[in-house]
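First up is the structure itself, then whatever we jot down about it.
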Amino acid sequence: MSYALTASQVVRMLGDWRAAGPAYADLAEAFQVLISDGRLPAGARLPAERTFAAQCGLSRNTVTAAYRILRERGFLASDRGAGSFVRLPEPGRRTRAPYSLAARGAGSIDLAVASLPAPEAVLGAATRLAAGDLGRYSHLLGYDVAGVADLRRVIAEDFTRRGAATDPGQILVTAGADHALGLIIRLLSRPGEALMTDSPTYPNVIDLTRALGRRLLTVGLGADGWNTDVWKSALRQEAPRLAYLMPDFHNPTGLVMPDSARSAIVDASRRSGTYLVVDEALRDLALDGEELPPPMASYSTPDHVITIGTMSKTCWAGLRVGWIRASKPVIARLIGLRNLVDTGNSLLTQLIGLRVLESADSLLRERRELLLERRRVLVNLLARDFPDWRFSLPHGGLSLWVDLGARLGSPLAQAAGRRGLEILSGGRFGVDGTLESHIRIPFVADERTLVAGCERLAEAWREVVLSSRGSRRAQAAA
């Protein structure tokens, strides 16, 4: 079971749900949209029929009829005396397409991975300088589980400059953000315990949490951002050990969490005794000059908010340099845990990362200019080829979160795959079949690749739309 939602919370989430049909049918349809998009997560308990009817000024019969439709469609399960709980119909559970980063065939186009190619000039210069730096470390053993002292110092200085005073002893260098999150989950939770996150969320969080035997609790993320009332209720009721958030250019939506929501969620997680794990992987990729709120680490003490960072998105995923910022006791425990698994990052890789960070300003200017141009190209292509698709232009990050207007995300990804195009359906960012009306499209590829990719995507879209229409006609005839 997940957390319970109050009637007032559900009313706000539904918004203006009335259409031209009977009220009970419109209400059921509005609920189904929220469930399919992951804003009402599987397992959440809905308000009692009488309570909900009173809150929104409807007759109880209307709400009862709407709940009955949801049960018939497989979106609601009711247990006398316990309440009504969100669920997903079995077909929805089978719609998620498998995804793998295995080698693609010749001529394939990958619009699944949101990662930039290496900045060859910057990376080449940093590598040559780092090779010359190796001599200063030759008298040492050649590894340090915590990370090279100079690299930890530079990372700590950046946190301090942004408003979260940090000592180098609060930094652990990791092999990227996923490695960091895995260490945190292993250290601070036990199998069977819960990790709370947004829906949609970063797919590797879902996969990693499940692989480590933890439970996922999701809080729906709306088009206008984080619902702090629901977050506070969920944290209070469930008191999960860990909660994962990406507040800066959220993956996949591109949203930025406002200052008020940061403060409210940090406060609520402190009250529930929850470690808040904040992923800053995309923080430095602001594209429209937007000034971001202070880091969430600045709203609390280091023993409560744990921050993950990485160079994979700003520089190159092949560099494999990331970090964790936490309290010194937590860092010491993480070092002890890591020592059982590996002996730290490559010394040369860390020195390259250090040199890249020393020229971060010029690198980020170059990256932002590149992404702005490629975002423009992708937006124009989508406007030309897919005029009915909808998305909000993100002010940063690496991708667009596209609403197809129909639950065709997985069929579209499969049809694209048959044409040598890899894309991610919205289902990869949700749990148990949700978010199938979306896909994520990164704008990291060059113009030629984006043009060719959209041509294949248009062919795939025509196929799934025709197939969907044929299925509806067959059902009507039956």
Side-chain angles (χ1 to χ4, degrees), residues 114-116 126 145-185 187-188 201-202 204-205 208 242-251 256-257 262 266 275-286 292-300 302 304-328 330-331 334-335 338 344-345 349-361 363-364 367-368 396-398:
S115 186
L116 286 162
V145 177
V148 172
D150 286 341
L151 179 57
R152 296 164 74 197
R153 173 184 52 78
V154 169
I155 295 168
E157 288 173 351
D158 181 65
F159 274 106
T160 300
R161 177 185 57 79
R162 294 193 285 118
T166 304
D167 184 273
Q170 294 173 242
I171 302 296
L172 169 64
V173 177
T174 67
D178 290 350
H179 179 227
L181 181 60
L183 288 172
I184 292 167
I185 293 174
L187 179 70
L188 299 177
T201 192
Y202 175 44
N204 286 8
V205 172
L208 185 56
L242 297 170
Y244 169 92
L245 287 168
M246 184 179 284
D248 302 308
F249 309 122
H250 173 271
N251 181 11
V256 174
M257 184 183 291
R262 294 175 192 237
V266 167
Y275 285 101
L276 202 58
V277 183
V278 177
D279 189 338
E280 292 191 338
L282 299 173
R283 180 180 175 88
D284 289 328
L285 294 176
L292 295 175
M296 291 189 79
S298 66
Y299 294 76
S300 181
H304 173 63
V305 176
I306 300 172
T307 306
I308 293 172
T310 181
M311 300 181 70
S312 294
K313 302 303 184 183
T314 53
C315 182
W316 184 43
L319 194 57
R320 308 314 307 152
V321 173
W323 52 85
I324 299 171
R325 177 201 185 267
S327 66
K328 289 183 178 180
V330 168
I331 291 294
L334 286 167
I335 290 172
R338 185 178 186 184
N345 291 42
T349 297
Q350 292 183 77
L351 295 178
I352 294 171
L354 176 59
R355 286 296 189 171
V356 170
L357 288 177
E358 289 175 347
S359 59
D361 289 345
L363 171 63
L364 290 175
R367 292 314 223 182
R368 288 165 182 155
L398 298 169

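Computed over heavy atoms, backbone and side chain alike; hydrogens, waters and symmetry mates excluded.
Note that CG of Leu116 is 11.0 Å distant from OG of Ser312, once rounded to the nearest 0.5 Å. Residue Ile331 holds its CD1 atom at 8.0 Å from CD1 of Ile306, rounded to the nearest 0.5 Å. A distance of 11.0 Å separates CD1 in Ile308 from NE2 in His179, rounded to the nearest 0.5 Å. For the atom pair CG (Leu183) and CG (Leu172), the distance works out to 7.0 Å, reported to the nearest 0.5 Å. Rounded to the nearest 0.5 Å, atoms CZ (Arg283) and CZ (Phe249) are 8.5 Å apart.
Judged by distance alone, with hydrogens and angles left aside, the side-chain atoms of Asn345 form no donor-acceptor pair with the main-chain N or O of Gln350 at under 3.5 Å. When atom types are taken as modelled, the side chain of Lys313 and the backbone of Asp284 share no donor-acceptor pair closer than 3.5 angstrom. Side-chain N or O atoms of Thr160 include one that pairs as donor or acceptor with a backbone N or O of Ala156 at under 3.5 Å. For Ser300 (side chain) and Ala297 (main-chain N/O), no donor-acceptor pair under 3.5 Å exists by modelled atom type. Looking only at distances, no side-chain donor or acceptor of Arg367 sits under 3.5 Å from a matching main-chain atom of Leu285.
Residues Thr310 and Gly176 come closest through the heavy atom pair OG1-CA, 4.1 Å. Between Ile352 and Leu319, the shortest heavy-atom distance links the atoms CG2-CD1, 3.7 Å. Residues Ala164 and Ser298 come closest through the heavy atom pair CB-N, 4.0 Å.
Using a 4.5 Å cut-off on side-chain heavy atoms (C-beta onward), Val278 and Arg325 make no contact. Taking the side chain as every heavy atom from C-beta outward, Gln170 and Phe159 never approach each other to under 4.5 Å. In this structure the side chain of Thr166 reaches within 4.5 angstrom of the side chain of Ile171, judged on heavy atoms. Counting only heavy atoms from C-beta outward, the side chains of Leu398 and Leu282 approach each other to under 4.5 Å. In this structure, Cys315 and Leu363 have side chains that are in contact, with non-hydrogen atoms separated by less than 4.5 Å. Side-chain contact between Lys328 and Asp167: present, with at least one pair of heavy atoms (C-beta onward) separated by less than 4.5 Å. Ile155 places a side-chain heavy atom less than 4.5 Å from the side chain of Leu357. Between Arg338 and Leu334 there is no side-chain heavy-atom pair separated by less than 4.5 Å.
Listed by chain and residue number, Asp248 satisfy the salt bridge (charged side-chain N to carboxylate O under 4.0 Å, His left out) test with Arg262 (two or more places apart in sequence, or in another chain).
Side chain to side chain, Thr349 and Arg320 fail the donor-acceptor criterion of an N or O pair below 3.5 Å. Tyr244 and Asp279 are linked by a side-chain donor-acceptor pair at a separation below 3.5 angstrom, with hydrogens and angles left out of the test.
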field: Worked check of side chain to side chain contact (heavy atoms under 4.5 Å, CB included) between Thr307 and Ile324
entry: CA-CA 6 Å; Thr307 306; Ile324 299 171; over 6 Å; no
message: Evaluate Tyr202 against Asp178 for side chain to side chain contact (heavy atoms under 4.5 Å, CB included), listing each step before the verdict.
response: CA-CA 10 Å; Tyr202 175 44; Asp178 290 350; 3.0 Å; yes
task: In sequence, state the C-alpha distance, the side-chain angles, and the governing distance for Glu280 and Arg162, and then conclude on salt bridge (charged side-chain N to carboxylate O under 4.0 Å, His left out).
output: CA-CA 13 Å; Glu280 292 191 338; Arg162 294 193 285 118; 2.8 Å; yes
field: Stepwise side chain to side chain contact (heavy atoms under 4.5 Å, CB included) test for Trp323 and Met311
entry: CA-CA 9 Å; Trp323 52 85; Met311 300 181 70; 3.6 Å; yes
- prompt: Can Met246 and Met257 be said to form a side chain to side chain contact (heavy atoms under 4.5 Å, CB included), step by step?
  reply: CA-CA 8 Å; Met246 184 179 284; Met257 184 183 291; over 6 Å; no
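In summary, Glu157 and Arg152 do not engage in a salt bridge, as defined by a charged side-chain N under 4.0 Å from a carboxylate O.
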